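The analysis underlying the following values was restricted to heavy atoms, covering all of them including side chains, and did not include hydrogens, waters or symmetry mates. Here the structure is a predicted model, which means the values were calculated and not measured.
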Amino acid sequence: MNFTPDIRTKYSLLTRISADDMSKLKEVFDDAETRRFLPELYELLDSNGGLWKFTSSFEQYAQECEGYLWGIKYNNELVGFVAIMDISDNPALFYAMHPTYRLQGYMKDAVSVIMDYLGKSKLCCKVSTDVYKNNNASIHILKQLGFSGYKEDDDKLYLSKLFVQ
């Protein structure tokens with residue numbers, strides 16, 4: 001059963017990642033930029049069955065309304081993903097795009113629609129994320145979508161977005 005809601009955006013369909021999407025998801029995670037900006041996740045997924053464990057864990061999160069993993073599909077092809085987890089405690093956002101589809105508006109479109117969905121459904125009142133300071137494209141998207149900084153360290157900016165209740 002699919003507990004992840006399908007959401008149509010201006011450019012794509014946000015939907016559950018299926019077995020047919022695994023090779024494209026692997027390409028996303030094998031990309032040098034993804035490894036650079038999501039190193040903790042890359043190390044986790046580098047093990048045998050890591051991608052399956054990753055997607056399966058989000059199936060469980062979705063069933064419990066604790067998190068979602070949306071595949072961004074353009075013309076029925078996986079071009080990236082957006083994930084939100086720990087919804088009831090400390091909602092955290094992360095995402096990655098296939099290198100072929102970067103800087104074309106797909107990620108901003110997807111994250112914008114997901115933020116609208118989370119706000120309107122009142123699943124949480126705030127979403128946080130952390131971004132490496134040299135990830136200019138991601139920082140630009142987040143700031144355009146109303147995220148603001150609340151902390152920083154040597155490597156990262158910590159941003160959040162509050163939903164009007």
Side-chain angles (χ1 to χ4, degrees), residues 1-18 21 25 28-29 33-34 37-45 50-74 78-98 101-102 105-133 135-153 155-165:
M1 179 174 252
N2 180 13
F3 293 97
T4 301
D6 288 351
I7 304 172
R8 174 105 9 227
T9 78
K10 183 177 178 181
Y11 301 113
S12 60
L13 174 66
L14 306 178
T15 190
R16 179 180 170 267
I17 295 176
S18 70
D21 301 320
L25 186 60
V28 170
F29 279 109
E33 289 293 301
T34 303
F37 294 128
L38 290 175
E40 305 87 356
L41 200 53
Y42 177 74
E43 291 166 11
L44 173 74
L45 298 177
L51 283 177
W52 284 105
K53 290 175 190 171
F54 175 70
T55 57
S56 295
S57 69
F58 274 95
E59 292 293 322
Q60 186 66 36
Y61 286 143
Q63 190 172 355
E64 298 167 359
C65 294
E66 276 300 313
Y68 298 101
L69 173 64
W70 283 280
I72 304 169
K73 293 199 177 174
Y74 176 71
L78 184 79
V79 300
F81 73 86
V82 178
I84 180 118
M85 56 189 291
D86 300 329
I87 288 176
S88 67
D89 182 39
N90 187 22
L93 172 77
F94 61 97
Y95 48 81
M97 182 63 67
H98 191 283
Y101 295 91
R102 286 190 185 127
Y106 297 108
M107 187 57 73
K108 180 181 176 189
D109 178 55
V111 173
S112 174
V113 170
I114 289 169
M115 292 299 103
D116 286 346
Y117 169 77
L118 293 171
K120 288 177 182 170
S121 64
K122 299 186 189 247
L123 288 172
C124 54
C125 56
K126 178 178 96 170
V127 173
S128 298
T129 190
D130 56 82
V131 183
Y132 282 92
K133 288 180 176 178
N135 189 345
N136 295 323
S138 189
I139 292 167
H140 181 73
I141 287 171
L142 293 165
K143 287 189 174 181
Q144 281 190 321
L145 296 177
F147 281 76
S148 57
Y150 64 90
K151 182 173 105 173
E152 68 179 88
D153 61 25
D155 299 320
K156 291 184 178 181
L157 294 175
Y158 297 83
L159 304 139
S160 64
K161 177 178 176 100
L162 294 172
F163 299 111
V164 176
Q165 297 293 317

How long is the straight-line distance from [atom2] of [Y] back to [atom1] of [X], given to the nearest 0.5 Å?
X	Y	atom1	atom2	answer
Ser18	Leu25	OG	CG	10.0 Å
Cys124	Asp86	SG	CG	11.0 Å
Tyr61	Thr4	OH	OG1	13.0 Å
Leu159	Ser128	CG	OG	8.5 Å
Ser12	Ile7	OG	CD1	10.0 Å
Lys126	Asn90	NZ	CG	6.0 Å

Check your understanding: Are more than 12 heavy atoms from other residues, nucleotides or ligands located less than 6.0 Å from atom OH of Tyr11?
Key ->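 Count not over threshold, so no.
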Check your understanding: In this structure, are over 12 heavy atoms from other groups packed under 6.0 Å from Tyr74 atom OH?
Key ->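 Counting other residues, nucleotides and ligands, OH of Tyr74 stays at 12 neighbours or fewer.
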With the side chain counted from C-beta on, respond yes when [X] and [Y] share a heavy-atom pair under 4.5 Å apart, and no when they do not.
X	Y	value
Ile114	Val127	no
Pro39	Tyr132	yes
Met97	Val79	yes
Tyr158	Asp153	yes
Met107	Arg102	no
Phe163	Lys122	no
Ile139	Phe147	no

What's the shortest heavy-atom distance between [X] and [Y], and which atoms?
X	Y	value
Leu14	Ala110	CD2-CB, 3.7 Å
Ser121	Leu118	OG-O, 3.3 Å
Pro91	Ile84	CB-CD1, 4.1 Å

Check your understanding: Can a donor-acceptor pair be found between the side chains of Tyr95 and Ser138 at a distance below 3.5 Å?
Key ->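 Yes, side-chain donor-acceptor contact under 3.5 Å.
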**Study point:** Whether Thr129 side chain and Leu93 backbone form a donor-acceptor pair below 3.5 Å
**Key:**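 Judged by distance alone, yes, a pair lies under 3.5 Å.
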Check your understanding: Between Ser112 (side chain) and Asp109 (backbone), is there a donor-acceptor pair under 3.5 Å?
Key ->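 No, Ser112 side chain to Asp109 backbone: no donor-acceptor pair under 3.5 Å.
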Check your understanding: Taking the six-membered ring for Trp, are Phe94 and Phe54 parallel (under 30°), tilted (30 to 60°) or perpendicular (over 60°)?
Key ->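 Tilted, since the angle between the ring planes falls between 30° and 60°.
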Exercise for review: List for me each residue that meets side-chain contact (heavy atoms from CB on, under 4.5 Å) alongside Gln144, sequence neighbours excluded, and say none if there are none.
Suggested key: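 Gln144: side-chain contact (heavy atoms from CB on, under 4.5 Å) contacts with Lys108, His140.
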**Study point:** From CA spacing to verdict: side chain to side chain contact (heavy atoms under 4.5 Å, CB included), Lys10, Val113
**Key:** CA-CA 9 Å; Lys10 183 177 178 181; Val113 170; over 6 Å; no
**Study point:** Non-neighbouring partners of Asp130 that pass salt bridge (charged side-chain N to carboxylate O under 4.0 Å, His left out), sequence neighbours left out
**Key:**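 Checked Asp130 against salt bridge (charged side-chain N to carboxylate O under 4.0 Å, His left out); matches are Lys156.
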When the side chains of residues 64-73 are checked against the rest of the protein, which donor-acceptor pairs come out under 3.5 Å, sequence neighbours left out?
unit_1	atom_1	unit_2	atom_2	d
Glu64	OE2	Gln60	NE2	2.5
Glu66	OE1	Ile87	N	3.4
Glu66	OE1	Ser88	N	3.4
Glu66	OE1	Ser88	OG	3.2
Glu66	OE2	Ser88	OG	2.6
Trp70	NE1	Pro5	O	2.8
Lys73	NZ	Asp21	OD1	3.3
Lys73	NZ	Asp21	OD2	2.9

